[in-house]
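Report on the following structure.
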Amino acid sequence: MRINIAIDGPSAAGKSTISKRLAEKLSYVHLDTGAMYRCTALKAVQNGIALDDEEAVCDMLKNTEIRMTPAGDVFLDGKDVSDAIRTDEISLAASDVSKLKNVRRDLVLRQQEMAKEKGFIMDGRDIGTVVLKDAEVKIYMTASARARAERRYKQNIEKGIPTSDIDTIEKEIAERDYQDMHRENSPLTKAEDAVEIDTSYMSIEEVTDTIYALAEPFLNQEG
Ligand code: DC
């Protein structure tokens, strides 16, 4: 049967990379929900909207189209913003707008609508706890802040994105973890029925295989 897989965890734990791999393996669709918060932040910044002005950000969202291609490119109102949403500035701004209750409501509804047909691997912070509470497989993916900073640094270099040094990235990651785990609305927490995977010392293949093994019994079920 077709299922949904929810993958939550702190930033840079490897959620996107693993979700992409799994999506290829299963011929499922990967939906990176963080990109939706990043698009919201980017547009607000571009329009000079204060990141804590909930009403203005929500009004803006009413006329905002966010589209993601199967290849992982992100389009904001028809424009390719795949790289523009990955800067350090927009990472922090995304964390800011993600605190706003009505912004979350808008984006969560979009995510639920998209995943109705099943066959989705959705990654974020609140997928197992809020967006897809009935997902057949729920994963809570973690890694030490140092391991995540090292990966992000390497990724930035490979992609040619301007980058800070590893210590600074580690500090920013810790800061964002704190914000994401302590906000009032849908803070990052492990769903009771999620399986926790610490990826600090695991390869991409090992993590992908572990999740695949958890999904397999469902995939083989009729229905
Ligand atoms: O996964 P990411 O780093 O691209 O996410 C960017 C920000 O958006 C991050 O600070 C947490 C927030 N976010 C969220 O609150 N809920 C989600 N489902 C996904 C991301």
Side-chain angles (χ1 to χ4, degrees), residues 4-20 30-45 51-52 54 57-58 61 64 66 68 72-74 76 81-115 120-133 135 138-143 145 147-149 151-153 155-156 159 161 163-164 169-191 194 199:
N4 280 330
I5 301 177
I7 303 187
D8 291 300
S11 63
K15 301 186 299 291
S16 275
T17 308
I18 302 295
S19 302
K20 236 176 265 166
H30 168 219
L31 191 83
D32 167 10
T33 61
M36 300 173 79
Y37 290 91
R38 287 171 180 273
C39 282
T40 306
L42 178 66
K43 189 165 172 180
V45 168
L51 299 172
D52 59 355
E54 182 157 17
V57 178
C58 283
L61 264 185
T64 299
I66 300 169
M68 274 165 271
D73 294 321
V74 183
L76 172 61
V81 294
S82 312
D83 293 332
I85 58 168
R86 302 284 164 201
T87 64
D88 293 343
E89 183 201 356
I90 298 304
S91 296
L92 277 175
S95 187
D96 285 337
V97 295
S98 74
K99 288 184 208 156
L100 307 173
K101 193 168 163 202
N102 291 313
V103 166
R104 302 199 67 85
R105 184 175 297 160
D106 181 313
L107 297 182
V108 166
L109 282 175
R110 294 184 197 210
Q111 292 153 11
Q112 289 173 331
E113 185 61 35
M114 285 188 247
F120 277 79
I121 296 162
M122 208 179 266
D123 80 88
R125 304 294 188 288
D126 59 343
I127 311 304
T129 51
V130 178
V131 183
L132 301 178
K133 277 193 190 151
K138 295 184 185 179
I139 305 295
Y140 189 75
M141 201 181 280
T142 61
R148 289 185 280 142
R151 286 181 198 157
R152 183 50 55 90
Y153 179 77
Q155 212 175 55
N156 287 347
K159 288 188 176 166
I161 299 172
T163 185
S164 329
I169 299 178
E170 185 180 349
K171 225 176 102 232
E172 279 168 7
I173 281 179
E175 198 180 315
R176 276 215 292 151
D177 282 358
Y178 188 87
Q179 276 205 43
D180 293 344
M181 290 174 182
H182 292 86
R183 66 176 178 227
E184 197 184 329
N185 301 304
S186 310
L188 169 64
T189 52
K190 175 180 166 298
T199 69

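Along the sequence shown, residues are numbered consecutively beginning with 1. Indexing begins at 1, ligand by ligand and atom by atom, following the structure's order.
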(Q) Show me which atoms of ligand 1 lie under 4.0 Å from any heavy atom of S98. (A) 12 (C), 15 (O)
Q.
Yes or no: does M36 have any heavy atom under 4.0 Å from an atom of ligand 1?
A. no
**Q.** Main-chain N/O of S98 paired with R104 side-chain donor or acceptor, under 3.5 Å
**A.** yes
Q) For ligand 1, which atoms, with element, lie under 4.0 Å from some heavy atom of G124? A) 17 (C), 18 (N), 19 (C)
Q) Which atoms of ligand 1 sit under 4.0 Å from any heavy atom of Y37? A) 8 (O), 13 (N), 14 (C), 16 (N), 17 (C), 18 (N), 19 (C), 20 (C)
**Q.** Contacts of D73 that satisfy side chain to side chain contact (heavy atoms under 4.5 Å, CB included) - sequence neighbours left out
**A.** T69, A71, F75, S82
Q) Who pairs with D180 by salt bridge (Lys or Arg N to Asp or Glu O under 4.0 Å), at least two apart in sequence or on another chain? A) R125, R183
Q.
Are any of the N/O atoms on D126, whether in the backbone or the side chain, positioned under 3.5 angstrom from an N/O atom of ligand 1?
A. yes
Q: Check R183 against ligand 1 and report side chain, backbone, both or neither, counting heavy atoms closer than 4.0 Å.
A: side chain
(Q) Only heavy atoms of R176, strictly under 4.0 Å: list the atoms of ligand 1 that pass. (A) 3 (O), 6 (C), 9 (C), 10 (O)
(Q) Any nitrogen or oxygen of R104, side chain or backbone, less than 3.5 Å from one on ligand 1? (A) yes
Q | Under 4.0 Å to a heavy atom of S95 - the qualifying atoms of ligand 1, by number | A | 10 (O)
